[in-house]
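Beneath this line is the structure, given in C-alpha cells, with notes to follow.
What you are looking at is a predicted structure, and each value in this text was computed from that prediction instead of being measured. For reference, positions follow the sequence shown, starting with 1.
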Amino acid sequence: MSSPFTVFRRYDRVFMVVVTGLALLTFVLGDAVSDPSRMNTKMIVLFLAASVGVVAWLSGMGKGKGTEWGLSGALIGAAVGLVITYYTREPSVIYMQGGNLSAAEVSQLRRQRHVANQFMQLAFHESAGDNQFDYYYHLPRYLFSFGSRNGEVSDEEIALGEVLRREADKLGIVVTEEAVIEYLNELTRQQLTAEQFTKVRKQMRVPESEILADLRNELKARRALELLYSRNLVTPETLWEFYKQLNVRQSVEVAAVPVNDFVDSSIEPSPAELQALFEQYRTNFPGRTPEGRIAEGQPGFVQPHRVQIGYFEATADDVKDQLGEVTEEEIQKLYEDRFLRAVPTTEDHLKNLQLDGPELTPPATPEKSPAMEAPSADEAPANPEAKEDAKPAADAPKTEKTESAPATEKQEKTPAAEEPKAEPAPAEKETSFIPNFEQLIPVAFVQNETVEEKPATDAAAPAAAEPGVPAPKSDDPVKPADASQPAEPAKAEAPKGEAAPATPPEPKMEAKPAAEAPAADAPAAGEKMPAAEKAGAPALGTPENPLPLTPPPAPTSNVPPLDDALKAQLREQILEQRARAEVQKRIEAAKAYMSSISEKLNLLEGNPERLKPEDVQKKMEEYAKEHGLTYEVTPLLSYETLTNSEDFPIGRAFTRSATIATEQVPDTIFRSAPEELYVPREASSLFTNSGFAFWKVQDRADYAPITIDDEPEIREQVIKAWRLQKAEPNAKARAEELAKLVRESDKPMTDALSNSTVTGKEGALFLTVRETPEFTWMQRPLTAPNNFMQQQPVRESVIPGLTDIGNRFFETVFNKMKVGDVSVVPNKDNTIYYVVKVKNRTPGTPEQLEAARAEFLKEGMQPNYTSMMNNTLANHSYNITNSLFQQYKVLIPSQTQSEEM
C-alpha cells in the first residue's frame with residue numbers, strides 16, 4: 001500500500017488546486033458556517049454539494065475516476081442539503097422574494113431593533129440629562145421605527161426593515177462606523193463621550209461590536225427610506241393658495257338633485273355585472289385609489305375597521321322604580337335649603353371677607369390730648385400739623401383767647417415732638433375696613449374750589465408770635481417740607497374779630513406725630529382761618545347738596561308655598577338624585593366585577609380558574625340579572641355605524657377618566673390597541689340618562705375581501721353601488737337642464753326654477769333653491785388646542801344645507817367659477833348633483849386680490865398652514881409599505897390569519 005505522502009507528491013498540483021478552492025469557499029461561506037442560522041437554503045445546498053464533491057473527487061483520484069466520483073459526490077451533497085434544510089430548518093414566517101425569514105431570523109431582527117433603540121435612548125439620557133422637552137420632541141426623530149404603535153415591533157415592521165435593507169444593497173448604500181458615530185453625535189448634539197458610551201454598553205451588557213452592527217443595519221434601512229421616499233416640500237405659491245382657502249369668502253345659490261330619485265329598483269344586476277364591479281373596486285376604500293389617493297365618486301369595497309363591544313347598562317329611569325319612597329322630612333329639608341335661606345347682609349359678607357393683612361384692632365384712647373379735640377366756637381383751632389416747628393406770629397389779634405397756649409405746650413410735651421428722629425417711614429395710621437355708609441361721599445359730586453395759595457416763601461418764613469405763646473428755642477430746627485406728600489391748598493382767612501366755626505364732631509381726627517407733618521403744610525400762627533370754615537359753609541371736599549346715602553334695601557324673594565305640586569316636583573328631584581347615585585354605584589361595582597373576570601382570562605394554561613372568552617358572556621348575563629343591569633354584546637361595527645347607531649346607545653356615551661379629557665366611546669375604542677381586549681371602562685350618556693361599564697370583545701382591522709360573499713353586507717354594498725352608477729347619468733343630465741334654464745333666464749335663480757321639479761316629471765318633488773351664507777374653502781379651528789404643542793387641524797368648511805360636498809366642490813366654485821357663473825358640481829360620493837350659481841366673492845377684483853397678497857406676504861408663515869401642508873402631502877402620497885410589499889411579493893401568514901378571523 002502506497003504512502004499518503006507518495007500520493008500527495010504524485011498529485012501535488014491537484015491538491016494545491018483543491019486546497020485553494022476550499023480556502024476560497026471558506027472565505028465566502030465562513031460567516032455563514034460560523035452562524036448556520038444565517039445561511040439560506042441555497043447556501044446550505046451549495047456548501048454540502050461542494051464539500052461532498054471534493055471528498056468524492058479525492059477518493060476517486062486513486063482509481064482514476066476522480067471526475068466521475070466528484071460529480072456524483074456533488075449531486076449527493078446537494079440532495080443531502082435539500083433534505084436537511086427541508087426537515088431541520090425552521091418554517092418561514094415571512095415570505096418574500098429573495099429569501100424568506102424564519103421565526104429565528106424574525107426574532108433576531110426584533111432583538112436588533114430593540115438593542116439599537118435602547119442604546120439610543122440610554123445614550124441620549126446619559127448625555128442630555130433630564131431635559132423633558134428634548135426627550136419627547138427630539139429623541140423620537142432619531143429612534144428606528146416605521147410607524148409602529150406603542151413601540152411594538154410587529155412582523156410587518158420586520159418585513160419592511162428587511163425589504164429596505166435589500167433595497168439599500170441594490171443601491172450600493174454602505175453604512176460605516178463613522179456614519180454611525182456621526183448619527184449618534186447628531187442625536188446627542190456632540191455631547192456623548194467615550195466614557196459615557198462605555199457606561200451605556202456595560203449597562204446593557206451587550207458587546208460593542210453587536211451594538212455597532214445593529215446600529216449599522218437599522219441605519220441602512222433608514223437611509224434607504226429617506227433616499228427613495230423623502231417628503232416633498234410645498235412651494236410659496238402653495239402657501240398663497242392656503243391663504244386664499246382660509247380668507248376668500250363667497251356665497252352661492254344652490255339646488256340639489258339627488259341621484260336616489262333616479263334609481264330604478266325594478267332592475268336587478270346580473271351576477272357577472274356584480275362580480276366585475278366587485279373585482280374592480282374590492283382593494284380600495286370608497287373615494288380612494290388602491291394606493292390611498294383621493295378619488296371622489298369612486299366606489300370601494302374594502303371593509304373598514306370594526307370592533308365588537310360588550311357592556312353593562314344601568315338606566316336611571318329603571319333604577320328609580322326600585323328605590324324607596326321619599327319622606328316628608330326629606331321634602332321639607334330640600335324645601336328649606338332651596339327657598340328659605342336668609343338673605344345675606346353686609347355684615348355677613350364682611351365676616352366672610354378674607355384679608356391678607358394682619359388683624360387690625362381699634363386704637364386705645366385712654367386720654368384725649370388737645371390735639372385730638374375739636375375746638376369750640378370761641379377758640380381758634382389749634383393746628384396739629386404746625387406743632388413746634390412753626391414760630392408764633394408777632395401780630396396775633398387781640399381777640400384770640402389764650403387757651404390755645406396750653407394746648408401748644410401740651411403738644412410740645414408729646415413724645416413725638418420731643419426729639420425728631422430720622423426714621424425711614426412713620427407708622428401708618430390704624431384704620432377700619434368696615435365702611436360707614438352715612439359718611440360716604442360720591443366722587444362725582446365733589447366740587448373743586450379754587451383757593452388762593454400763599455407763596456412758598458411765606459410758608460417757609462417764621463410765623464409771628466402769638467401773645468401768651470412762648471417762642472420755640474433757637475436750637476430747634478425748622479423741618480423742611482416733605483416733597484413726597486402733596487401740599488394742601490391754603491385756606492381762606494376768616495374776618496377779624498370773628499371766631500372760626502367749630503368743625504363737625506364726625507369723623508374725629510386722630511393725633512398725628514409732629515415728625516410726620518411737613519412745615520410747609522402748617523399755616524402760621526398769625527394766619528386767619530379760611531372763609532370756607534364759616535358757620536353754615538360746607539367744608540372742603542363736601543358737596544353743597546349731598547345726596548342721601550343709605551344702604552340699598554335687601555332683596556326680596558317670592559318664596560312659593562309648599563303645596564302638593566311643589567312637593568311632587570321636589571320628590572321627583574330627590575328620586576333623580578338617588579337614581580343617579582345608584583346608577584354610579586352599580587356601574588362601579590360592575591366594572592370591578594369585569595376586572596376580576598379579565599384577570600381570570602389572562603391566567604396561564606392549566607390554571608383551573610382560567611376562563612375562556614366563550615364563557616365570559618354567560619357570566620356577564622348572570623351578573624346583570626342578579627344586580628338589576630342589562631348586558632349587551634354588539635356585532636362587529638364600524639366607527640360610523642357605532643356612532644350613529646340607534647340600537648346601541650353606548651355609541652353616543654362619553655367615557656369618564658381622570659387622566660384624559662372626556663371623549664365619546666367610539667373614539668376611545670377605535671383609538672385603543674387591537675390587542676387591548678377585555679379592558680373594562682366606564683361611560684355615561686345624557687341622552688338616555690344611563691351609565692355603562694364596557695370593554696372591547698373583538699377587534700378586526702380593515703381588509704380587502706376575497707369574494708363578494710365574505711360578509712352579507714358586501715353584496716348589498718355592491719348592488720347599491722351598481723344601481724347608483726346606473727342612475728347617475730340621468731341625474732347629471734337633469735342637473736344640466738336646470739343649469740341651462742338659469743343661464744338663459746334674466747331672473748334670479750329662485751324665480752327661474754320656481755316651477756321645476758327634481759326629476760322633471762309631473763307629481764315629483766319641487767326643487768328647493770337656497771342661498772348659503774358666506775363661507776371659505778377651509779375653516780380655522782373653532783376650539784383652543786389642548787396644549788401649547790398641539791395645534792387643532794384646519795378642515796373643510798361646513799355649509800348649511802349641503803351634504804358631503806368634498807374637495808371637488810370647493811375646487812370648482814372657488815377656482816373654476818366667477819361671480820355670476822352657473823355650473824353643475826357633484827358631491828363627494830356622487831350621490832347628489834348641485835346646480836350652483838356664485839353670487840358674490842370677497843376679495844374678488846384684481847385690486848382686492850393684490851391687497852390680499854400683500855397682506856399674505858406681511859403675515860408670513862402661519863401655524864394653520866402646517867396642518868394644511870400635512871393634508872396636501874397625505875392626499876398626494878401613496879402607501880410606501882404596500883408598494884414595497886408588492887414589489888417583493890411579501891406575505892405574512894400570521895397577519896393574513898388574523899384578518900380572516
Side-chain angles (χ1 to χ4, degrees), residues 230-254 287 292-297 739 742-743 748-749 770-785 787-828 834-878:
S230 60
R231 302 185 67 180
N232 298 321
L233 299 177
V234 296
T235 63
E237 189 63 24
T238 304
L239 296 179
W240 165 238
E241 293 297 325
F242 292 163
Y243 177 87
K244 291 193 295 183
Q245 291 175 8
L246 287 169
N247 294 278
V248 176
R249 312 182 65 86
Q250 70 178 20
S251 63
V252 299
E253 289 180 304
V254 61
R293 299 183 180 179
I294 293 179
E296 292 185 357
V742 177
R743 295 189 194 100
M749 183 172 172
R770 57 170 52 90
E771 181 179 345
T772 67
E774 284 193 341
F775 61 90
T776 57
W777 185 334
M778 303 298 292
Q779 182 176 341
R780 292 179 173 87
L782 301 178
T783 58
N787 55 70
F788 72 96
M789 294 300 299
Q790 181 181 1
Q791 182 70 27
Q792 296 291 338
V794 176
R795 59 182 179 85
E796 290 180 348
S797 296
V798 177
I799 305 176
L802 306 187
T803 306
D804 293 335
I805 45 184
N807 186 76
R808 182 172 45 178
F809 178 91
F810 289 105
E811 174 72 23
T812 303
V813 298
F814 276 96
N815 294 342
K816 298 180 181 180
M817 297 177 64
K818 300 178 181 178
V819 177
D821 288 352
V822 181
S823 183
V824 174
V825 188
N827 68 340
K828 182 185 295 185
Y834 291 107
V835 181
V836 183
K837 180 179 181 179
V838 180
K839 288 203 65 178
N840 58 68
R841 180 178 297 161
T842 306
T845 63
E847 294 78 12
Q848 292 175 341
L849 283 175
E850 190 62 30
R853 192 176 185 91
E855 183 66 22
F856 158 72
L857 296 175
K858 180 181 178 181
E859 288 183 357
M861 187 66 180
Q862 297 296 313
N864 290 326
Y865 298 161
T866 303
S867 63
M868 300 177 73
M869 285 190 295
N870 293 334
N871 291 336
T872 302
L873 294 175
N875 293 333
H876 294 84
S877 61
Y878 60 95

If you measure from [atom1] on [X] to [atom2] on [Y], what distance do you get to the nearest 0.5 Å?
X: M778; Y: S867; atom1: CE; atom2: OG; value: 7.0 Å
X: N827; Y: Y834; atom1: CG; atom2: OH; value: 5.5 Å
X: L849; Y: R841; atom1: CG; atom2: CZ; value: 9.0 Å
X: W240; Y: L857; atom1: CH2; atom2: CG; value: 8.0 Å
X: S797; Y: R780; atom1: OG; atom2: CZ; value: 10.0 Å
X: K818; Y: Q250; atom1: NZ; atom2: CD; value: 13.5 Å

Check: Looking at residues at least two apart in the chain, or sitting in another chain, which of them share a side chain to side chain contact (heavy atoms under 4.5 Å, CB included) with A295?
Finding: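 A295 satisfies side chain to side chain contact (heavy atoms under 4.5 Å, CB included) with T289, Q298 once adjacent residues are dropped.
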
Flag side-chain contact, heavy atom, 4.5 Å: [X] against [Y]:
X: Q779; Y: V794; value: no
X: R808; Y: I294; value: no
X: V248; Y: W777; value: no
X: M869; Y: F242; value: yes
X: S251; Y: P773; value: no
X: E774; Y: N840; value: yes
X: L802; Y: V254; value: yes

Next item on the list: Give the minimum heavy-atom separation between M868 and L246, together with the two atoms involved.
Entry: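 In terms of heavy atoms, the two residues are closest at SD-CD1, 3.8 Å.
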
Checklist line | Heavy-atom pair of closest approach, residues N247 and T776 | finding: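 Closest heavy-atom pair between N247 and T776: C-CG2, 4.3 Å.
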
Check: Which is it for R770 and E253 under the side chain to side chain contact (heavy atoms under 4.5 Å, CB included) test, yes or no, and what are the steps along the way?
Finding: CA-CA 6 Å; R770 57 170 52 90; E253 289 180 304; over 6 Å; no

Notebook entry, point to check: Hey, is the main chain of V822 close enough, under 3.5 Å, to the side chain of R743 for a donor-acceptor pair?
Noted result: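 The answer is yes, because a donor-acceptor pair under 3.5 Å joins these two groups.
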
Note to self: With a 4.0 Å cut-off on N to O distance, would you call K828 and E296 a salt bridge?
What the structure shows: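 No.
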
Check: Under a 4.0 Å N-O cut-off, is there an ion pair linking K816 with E811?
Finding: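 No, K816 and E811 are not salt-bridged.
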
Next item on the list: Taking the six-membered ring for Trp and the single ring otherwise, decide whether the centroids of F814 and F775 are under 6.0 Å apart.
Entry: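 Aromatic pair counts; centres sit under 6.0 Å.
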
Next item on the list: Would you check, one step at a time, whether the test side chain to side chain contact (heavy atoms under 4.5 Å, CB included) holds for V742 with K837?
Entry: CA-CA 9 Å; V742 177; K837 180 179 181 179; 4.2 Å; yes

Item checked: Residue pairs involving residues 848-866 (criterion salt bridge (Lys or Arg N to Asp or Glu O under 4.0 Å); sequence neighbours excluded) ->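 Matches after skipping sequence neighbours: E237-R853.
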
